[in-house]
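Report on the following structure.
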Amino acid sequence: MTLIKSISGIRGTIGGKVGDNLTPVDAVKFASAYGTFLKNNIQKEKLKVVIGRDARISGPMIHNLVVNTLVGLGIDVIDLGLSTTPTVEVAVPLEEADGGIILTASHNPKQWNALKLLNAKGEFLSGADGAKILEIAEAEAFNFSDVDSLGEVTANDAYMDIHIDEVLELPLVDAEAVAKRKFKVVVDGVNSSGGIIIPKLLEQMGVECVKLYCEPNGHFPHNPEPLKEHLGDICKLVVEEKADFGIVVDPDVDRLAFISNDGEMFGEEYTLVACADYVLSKTPGNTVSNMSSSRALRDITQKHGGSYQASAVGEVNVVEMMKSTNAIIGGEGNGGIIYPELHYGRDSLVGVALFLTHLANLDMTVAELRASYPQYFMSKNKIELTPQIDVDAILAAMTEKYKSENISTIDGVKIDFASEWVHLRKSNTEPIIRIYTEAPTQEAADALAFRIIDEIKLIVGI
């Protein structure tokens, strides 16, 4: 398995050969490069970095390596221990730190881990800064501190509670209104840190919580990507418990999916749609999502009199466009909610709190709420890459084939037809080509996807 280096961080599988996987040597190398980058760019006598990790099995090992590498560079560490990606993002500015690292491979299976790198605002590094870190890593241009100048580690396990407090203090979050509705919710925490923080948030909002896979032991009971095919257990339990809905998060709690009261998927694309509907009804404005996300957000934004823009895929690209368009809310169609009122990062806690408040203000079930939104259906497919497959040649061929259609090449190739679209792009996080389609029916979305996959197979000769 290759070690993947991208704007999403340094990601790989545990074990194997140095340079091919996320081995201890690679973890030290990239932590050294990040620390060196900070030292080169911030003129301070003592730098400070916040570190947290999800509950995956390799977490403690990678965590110890990264923390002690920064100490060796003379950088002080605020160690949050078991945490979430949005919690670390919130902690960096509150601690007035110079950066942050989250040790998580997000939705990837348990054999994966990664270093996600943050700047002093608690936001993901730009592509340009990421490129500089990769250069430092390749050159191994590290200069470690002498014994009298080593960094110090300060443990702080309060930040999950602080994060919850920050969410509950948001003006559009109304815990009292939620508590009056006496909601009952099932939570699938995929045996990671979401199993701690989401039930705690629900408890403080007066919601009865039924826990499923909420032991943070890193043994994921199913594929941790919150897609329909992985979520049979919670869909069944929501109906059995007669719950109002279900909540599913990924291991680092930056992706959020809901299960409707009837046990059907609310649709991870519609997490952002529902939250945006509520936020825009109170504070009208603009929205942004990436170009692999549903047209439904565009429709809802226009309904509230705002303007919608689509960015390249990748949280850093969404955030950049949100800032340039003064977007009130944005995110990614994979269940990532970015609400700048708290911070510029995908945050499942913000999503849960906004969704609950929205629901508390409505006299309808979650299934009825979903039915009230514009109906689009997506098909998400992928083609595994081998070294022989030339992705650029595939994308060029598809661009030429569909040149008479509305095409964007900002990020891979997106082809907009009148009532449906397809987006082809090389993944930042896995050795695959992603093929996303959307249409007014599931059958049409699937048919478009299969047609495009067949066309790609013809191009590559498989």
Query raised in the report: Donor-acceptor pair, R56 side chain versus N108 backbone, under 3.5 Å?
Result: yes
Query raised in the report: For the ring pair F30 and F37, is the centre-to-centre distance below 6.0 Å?
Result: no
Query raised in the report: Can you check side chain to side chain contact (heavy atoms under 4.5 Å, CB included) on H222 and L231, steps first, answer last?
Result: CA-CA 8 Å; H222 54 76; L231 302 176; 3.8 Å; yes
Query - Atom pair CG/NZ of L212 and K236 - distance to nearest 0.5 Å - result: 11.0 Å
Query - Side-chain (S192) to main-chain (P251) donor-acceptor, under 3.5 angstrom - result: yes
**Report entry** Under 3.5 Å donor-acceptor, D254 side chain and T85 backbone
**Finding:** no
Requested in this report: Taking all heavy atoms of L202 and all of C209, pick out the closest pair and write down the distance.
Outcome: CD1-SG, 4.0 Å
Query - Candidate pair Y373 and D277, rule side chain to side chain donor-acceptor pair (under 3.5 Å), full reasoning - result: CA-CA 9 Å; Y373 290 130; D277 185 30; 2.9 Å; yes
Query - S372: partners by side chain to side chain contact (heavy atoms under 4.5 Å, CB included), with sequence neighbours left out - result: L369
Requested in this report: Answer with yes or no whether the side chains of D347 and Y339 bring together a donor and an acceptor at under 3.5 Å.
Outcome: no
Query raised in the report: Any cation-pi pair here, K121 with Y344, using under 6.0 Å and within 45°?
Result: no
Query - Backbone N/O of G263 and side chain of S260: donor-acceptor pair under 3.5 Å - result: no
Requested in this report: Measure from the side-chain N and O atoms of N21 to the backbone N and O of G12, and report whether any donor-acceptor pair falls under 3.5 Å.
Outcome: no
Query raised in the report: Please walk me through it: do L125 and I133 pass side chain to side chain contact (heavy atoms under 4.5 Å, CB included)?
Result: CA-CA 10 Å; L125 295 179; I133 289 168; 3.3 Å; yes
Query - Positive for side-chain contact (heavy atoms from CB on, under 4.5 Å) with H63, one of I101, I51, N113 - result: I51
Report task. Apply salt bridge (charged side-chain N to carboxylate O under 4.0 Å, His left out) to the pair D416 and R295, showing each step before the final yes or no. Result -> CA-CA 11 Å; D416 264 301; R295 283 181 179 174; 2.8 Å; yes
Query raised in the report: Are more than 12 heavy atoms from other residues, nucleotides or ligands located less than 6.0 Å from atom NZ of K382?
Result: no
Query raised in the report: Less than 4.0 Å between a side-chain N and a carboxylate O, is that true for R451 and D446?
Result: no
Query raised in the report: Would you call E438-K380 a salt bridge at under 4.0 Å N-O?
Result: no
Query raised in the report: In terms of side-chain heavy atoms, does T301 have a donor or acceptor partner in D299 at a distance below 3.5 Å?
Result: no
Query - Residues in ring-ring contact (aromatic ring centres under 6.0 Å, His included) contact with Y278, at least two apart in sequence or another chain - result: H358
Requested in this report: Could you tell me which residues satisfy side chain to side chain contact (heavy atoms under 4.5 Å, CB included) with P216, sequence neighbours excluded, listed by chain and number?
Outcome: A55, L82, I196
Query raised in the report: Which heavy atom of A445 sits nearest a heavy atom of A439, and at what distance?
Result: N-CB, 3.5 Å
Report task. Would you please name every residue forming a ring-ring contact (aromatic ring centres under 6.0 Å, His included) with Y159, sequence neighbours left out? Result -> none
Query - Y436: partners by ring-ring contact (aromatic ring centres under 6.0 Å, His included), with sequence neighbours left out - result: none
Query raised in the report: If we only count heavy atoms from C-beta on, is the V185 to V210 side-chain gap below 4.5 Å?
Result: no
Query - 4.5 Å side-chain heavy-atom contact, L354 and V279 - result: yes
Query raised in the report: Are the side chain of T437 and the backbone N or O of V422 linked by a donor-acceptor pair below 3.5 Å?
Result: no
Requested in this report: Spell out, as yes or no, whether a donor-acceptor pair under 3.5 Å connects the side chain of N223 to the backbone of E225.
Outcome: yes
**Report entry** Intermediate values then yes/no, side chain to side chain donor-acceptor pair (under 3.5 Å), Y213 and D233
**Finding:** CA-CA 10 Å; Y213 308 134; D233 291 352; 2.4 Å; yes
Requested in this report: State whether E138 and K5 are salt-bridged, where the test is any N-O pair (Lys NZ or Arg NE/NH1/NH2 against Asp/Glu carboxylate O) under 4.0 Å.
Outcome: yes
Report summary line: Nearest heavy-atom contact between V18 and D26 is CA-OD2, 3.6 Å
Query raised in the report: Any sub-3.5 Å donor-acceptor pair from D98's side-chain atoms to L47's backbone N or O?
Result: no
Query raised in the report: Any idea which heavy atoms bring K211 and P199 closest together, and the distance?
Result: CE-CB, 3.8 Å
Report summary line: Tightest non-hydrogen contact, residues V187 and I234, listed as C-CD1, 4.4 Å
Query raised in the report: Does N290 have any side-chain hydrogen bond (donor to acceptor under 3.5 Å, both in side chains) partners at least two apart in sequence or in another chain, and if so, which?
Result: S293, E332
Query raised in the report: Is the Lys NZ or Arg CZ of R370 less than 6.0 Å from the centre of Y270's six-membered ring, within 45° of the axis?
Result: yes
Query - Check: L65 main-chain N/O paired with T69 side-chain donor or acceptor under 3.5 Å - result: yes
Query raised in the report: Do E229 side-chain atoms and L227 backbone N/O form a donor-acceptor pair below 3.5 Å?
Result: no
Report task. For side chain to side chain contact (heavy atoms under 4.5 Å, CB included), just list the numbers for V186 and D188, CA-CA rounded to whole Å, side-chain angles, deciding distance to a tenth of an Å, and then say yes or no. Result -> CA-CA 7 Å; V186 180; D188 179 350; over 6 Å; no
Query - NE2-CG distance between H163 and L342, expressed to the nearest 0.5 angstrom - result: 5.5 Å
Report task. Hey, can you tell me if F245 and F355 have their rings parallel, tilted or perpendicular (30° and 60° cut-offs)? Result -> perpendicular
**Report entry** Residue pairs passing the ring pair (Phe, Tyr, Trp, His ring centres under 6.0 Å) test where at least one lies in residues 395-430, sequence neighbours excluded
**Finding:** Y402-F417
Report task. Could you pull out the closest heavy-atom pair between S311 and V318, with the gap in Å? Result -> OG-CG2, 3.3 Å
Query raised in the report: For P109, which residues count as a side chain to side chain contact (heavy atoms under 4.5 Å, CB included) partner, sequence neighbours excluded?
Result: Q111, W112
Report summary line: side-chain hydrogen bond (donor to acceptor under 3.5 Å, both in side chains) filter on S106, not counting sequence neighbours, yields D250, D252
**Report entry** Set of side-chain hydrogen bond (donor to acceptor under 3.5 Å, both in side chains) partners for T104, sequence neighbours left out
**Finding:** D54
Report task. Walk me through it: do R255 and V249 pass the test side chain to side chain contact (heavy atoms under 4.5 Å, CB included)? Result -> CA-CA 6 Å; R255 285 177 63 175; V249 292; over 6 Å; no
Report summary line: Applying side chain to side chain contact (heavy atoms under 4.5 Å, CB included) to I57 and not counting sequence neighbours gives K110, H219
Query raised in the report: Just wondering, are more than 12 heavy atoms of other shown residues or ligands nearer than 6.0 Å to CG in N143?
Result: no
Report summary line: Hits for side-chain hydrogen bond (donor to acceptor under 3.5 Å, both in side chains) against K403, two or more places apart or cross-chain, chain-then-number order -> E400
Query raised in the report: Would you find more than 12 non-hydrogen atoms of other residues, nucleotides or ligands less than 6.0 Å from E215 atom CD?
Result: no
